[in-house]
Amino acid sequence: MKLIKLDRRHNLYRKGYRYAFRVNRWRSDSQKIERAVKELEGYHWDCTFWGKPTKYERPYYIGMRNEQTATMAMLKL
């Protein structure tokens, strides 16, 4: 899991999200993080995004609008 800052090329950036957690593949950790982010920022149906698949994995992005949400989500884990 990695915290990244989105730029204008990313799909979630165009929807208003500025930061995202990038997870290499779906795991139970991903579900916990997604639940924490949605609890902190409110439910938005468009806050997640599946990236282009590589040879062995498909990245999963969980978007958030505020950087403070990332800190709080990490503390909840």
Side-chain angles (χ1 to χ4, degrees):
M1 178 179 58
K2 191 179 194 181
L3 179 66
I4 60 171
K5 186 173 181 180
L6 302 173
D7 59 0
R8 63 179 177 79
R9 297 174 291 173
H10 202 280
N11 188 7
L12 289 175
Y13 184 86
R14 294 183 200 127
K15 295 177 182 177
Y17 299 99
R18 300 297 178 241
Y19 302 94
F21 283 115
R22 181 183 187 272
V23 184
N24 290 336
R25 56 187 108 93
W26 181 258
R27 288 184 239 147
S28 61
D29 300 355
S30 310
Q31 185 178 10
K32 291 177 185 176
I33 291 260
E34 185 176 347
R35 208 177 289 152
V37 168
K38 285 184 179 182
E39 183 180 305
L40 291 166
E41 286 202 345
Y43 178 78
H44 301 286
W45 63 271
D46 64 347
C47 73
T48 59
F49 177 74
W50 284 99
K52 292 181 182 177
T54 60
K55 191 171 184 177
Y56 299 109
E57 58 192 32
R58 186 169 185 183
Y60 185 68
Y61 296 90
I62 304 166
M64 61 201 88
R65 299 179 196 275
N66 300 322
E67 192 174 8
Q68 294 86 6
T69 305
T71 306
M72 293 302 293
M74 292 296 289
L75 288 173
K76 281 192 165 203
L77 289 179

Checklist entry - With ILVMFWY side chains joined below 4.5 Å, transitively, what does Leu75's cluster contain besides itself? => result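 Once heavy-atom contacts under 4.5 Å are chained together, Leu75 belongs with Leu40, Met72.
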- Query: Do Tyr61 and Met1 share a hydrophobic cluster (ILVMFWY, side-chain heavy atoms under 4.5 Å, transitive)?
  - Reply: no
Hey, any chance Ile62 and Leu77 share a hydrophobic cluster, counting ILVMFWY side chains that come within less than 4.5 Å of each other, even indirectly?
->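 In one cluster: yes.
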Paired with Met64, the side chain to side chain contact (heavy atoms under 4.5 Å, CB included) test is passed by just one of Leu6, Ile33, Val37, namely Val37
Checklist entry - Parallel, tilted or perpendicular: which describes the rings of Trp50 and Trp26, with under 30° parallel and over 60° perpendicular? => result tilted
State the CG-OG1 distance between Leu3 and Thr69, to the nearest 0.5 angstrom.
->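 Reported to 0.5 Å precision, the distance equals 10.5 Å.
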For Arg58 and Lys52, indicate whether the former's side chain and the latter's backbone hold a donor-acceptor pair under 3.5 Å.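 No, the answer is negative, given that no donor and acceptor are paired below the 3.5 Å cut-off.
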- [ ] Please confirm whether the backbone N or O of Arg65 pairs with a side-chain atom of Glu41, one donor and one acceptor, at under 3.5 Å?
- [x]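 Answer holds: yes.
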Does a donor on one side chain sit under 3.5 Å from an acceptor on the other, for Asp46 and Tyr17?
yes
Could you check whether any side-chain heavy atom of [X] comes within less than 4.5 Å of a side-chain heavy atom of [Y], counting everything from C-beta outward?
X	Y	answer
Thr54	Glu57	yes
Tyr60	Thr48	yes
Tyr19	Tyr13	no

Heavy-atom closest pair (Phe21 atom, Ala73 atom, distance to 0.1 Å) is CE1-CB, 4.2 Å
Practice item. Using a strict 4.0 Å threshold on nitrogen-to-oxygen distance, state whether Lys38 and Glu34 make a salt bridge. Key: yes
Which pairs pass salt bridge (charged side-chain N to carboxylate O under 4.0 Å, His left out) with one or both residues in residues 13-32, sequence neighbours excluded?
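Applying salt bridge (charged side-chain N to carboxylate O under 4.0 Å, His left out) to every pair that reaches into residues 13-32, excluding sequence neighbours, yields nothing.
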_Test side-chain contact (heavy atoms from CB on, under 4.5 Å) on Glu39 and Arg35; report intermediate values, then the result._
CA-CA 6 Å; Glu39 183 180 305; Arg35 208 177 289 152; 5.6 Å; no
